[in-house]
Amino acid sequence: QVQLVESGGGLVQAGGSLRLSCAASGRTTSSYAMGWFRQAPGKEREFVAGIGWSGRTVYVDSVKGRFTISRDNAKNTLYLQMNNLKPGDTALYYCAAAPKVFSGSSWYLGSEYDYWGQGTQVTVSS
């Protein structure tokens, strides 16, 4: 029903910025909760940030104050503005969507999301 394609990843020095985009197709996603996850080599995939259809946002503690999630429903696009990047942010970043209203810890569970992109690589050098 929904296809997601991430873009905007790349190589950046510590302290730099990147803006990731996630383009949705197949169905408009204005009523979907959206999220960003990331996975580093040898580690489990982890939740990074989420945004509900109402605009409510939630972030994992490690990125609060540095990352900003947003969405442009007219363009069916999700964004993740990443500032003050650190080497620990190096990972493959995925966007995900769910036709749900999340609350509490549900935001953090990958199993709650129905659709996933293929990921875009972010590498932060020291």
Side-chain angles (χ1 to χ4, degrees):
Q1 291 182 296
V2 176
Q3 295 79 47
L4 305 174
V5 180
E6 303 94 337
S7 62
L11 175 64
V12 64
Q13 293 185 6
S17 299
L18 285 173
R19 189 190 193 197
L20 305 184
S21 298
C22 174
S25 62
R27 175 182 288 185
T28 58
T29 58
S30 61
S31 63
Y32 283 63
M34 304 287 290
W36 287 97
F37 289 74
R38 65 187 181 187
Q39 186 169 26
K43 297 183 178 180
E44 296 182 351
R45 182 159 55 185
E46 66 172 344
F47 172 83
V48 177
I51 184 168
W53 61 267
S54 67
R56 175 195 290 249
T57 59
V58 62
Y59 300 88
V60 68
D61 287 344
S62 62
V63 307
K64 288 181 178 178
R66 299 190 297 120
F67 291 10
T68 302
I69 187 172
S70 62
R71 64 194 300 169
D72 186 334
N73 291 330
K75 297 181 179 179
N76 293 320
T77 302
L78 176 73
Y79 302 98
L80 184 67
Q81 178 66 48
M82 305 185 294
N83 297 326
N84 191 24
L85 283 161
K86 303 176 180 180
D89 296 318
T90 295
L92 186 65
Y93 283 70
Y94 299 89
C95 67
K100 304 174 181 178
V101 176
F102 289 153
S103 63
S105 61
S106 295
W107 287 98
Y108 302 88
L109 303 177
S111 61
E112 294 291 331
Y113 293 81
D114 297 282
Y115 307 104
W116 295 82
Q118 287 71 52
T120 185
Q121 179 67 40
V122 172
T123 302
V124 184
S125 63
S126 178

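- No side-chain heavy atom of Met34 sits less than 4.5 Å from a side-chain heavy atom of Tyr115.
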With side chain to side chain donor-acceptor pair (under 3.5 Å) as the test, would you mind laying out the steps for Ser17 and Asn83 before giving the verdict? CA-CA 4 Å; Ser17 299; Asn83 297 326; 2.9 Å; yes
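- The shortest side-chain heavy-atom distance between Asp89 and Arg66 falls under the 4.5 Å cut-off.
- Between Arg71 and Tyr32 the shortest heavy-atom distance is NH1-O, 2.6 Å.
- Atom CE of Met82 is separated from atom CD1 of Ile69 by 12.0 Å, given to the nearest 0.5 angstrom.
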Evaluate the criterion side chain to side chain contact (heavy atoms under 4.5 Å, CB included) for residue pair Leu80 and Tyr93; output intermediate values, then yes/no. CA-CA 10 Å; Leu80 184 67; Tyr93 283 70; 4.2 Å; yes
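- In plain terms, the two heavy atoms of Thr123 and Gln121 that are nearest each other are OG1-NE2, 3.4 Å.
- Under the 4.5 Å side-chain criterion, counting only non-hydrogen atoms from C-beta, Val122 is not in contact with Thr90.
- Put simply, the side chain of Arg38 does not reach to within 4.5 Å of the side chain of Tyr94, judged on heavy atoms.
- Trp36 contributes a side-chain N or O that, together with a main-chain N or O of Tyr79, makes up a donor-acceptor pair within less than 3.5 Å.
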Trp53/Asn73 under side chain to side chain contact (heavy atoms under 4.5 Å, CB included): CA gap, chis, key distance, verdict: CA-CA 9 Å; Trp53 61 267; Asn73 291 330; over 6 Å; no
Would you check, one step at a time, whether the test side chain to side chain contact (heavy atoms under 4.5 Å, CB included) holds for Tyr108 with Val58? CA-CA 9 Å; Tyr108 302 88; Val58 62; 3.6 Å; yes
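- Relative orientation of the Phe37 and Tyr113 rings is perpendicular, given thresholds of 30° and 60° on the angle between their planes.
- No side-chain heavy atom of Leu92 sits less than 4.5 Å from a side-chain heavy atom of Thr120.
- No side-chain heavy atom of Val60 sits less than 4.5 Å from a side-chain heavy atom of Phe67.
- Ala14 and Pro87 get closest at one heavy-atom pair: CB-CD, 4.1 Å.
- To the nearest 0.5 Å, atoms NZ (Lys86) and OG (Ser126) are separated by 12.5 Å.
- Residues Lys100 and Glu112 form a side-chain contact, since some pair of their non-hydrogen atoms from C-beta on lies under 4.5 Å apart.
- Taking CZ from Phe102 and CD1 from Ile51, the interatomic distance works out to 13.0 Å, rounded to the nearest 0.5 Å.
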Side chains of residues 2-12: which donor-acceptor pairs under 3.5 Å do they make with residues two or more places apart or in other chains?
from	atom 1	to	atom 2	distance (Å)
Glu6	OE1	Gln118	N	3.0
Glu6	OE1	Gly119	N	2.8
Glu6	OE2	Cys95	N	2.9
Glu6	OE2	Gly119	N	3.2

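- Residues Asp114 and Pro99 form a side-chain contact, since some pair of their non-hydrogen atoms from C-beta on lies under 4.5 Å apart.
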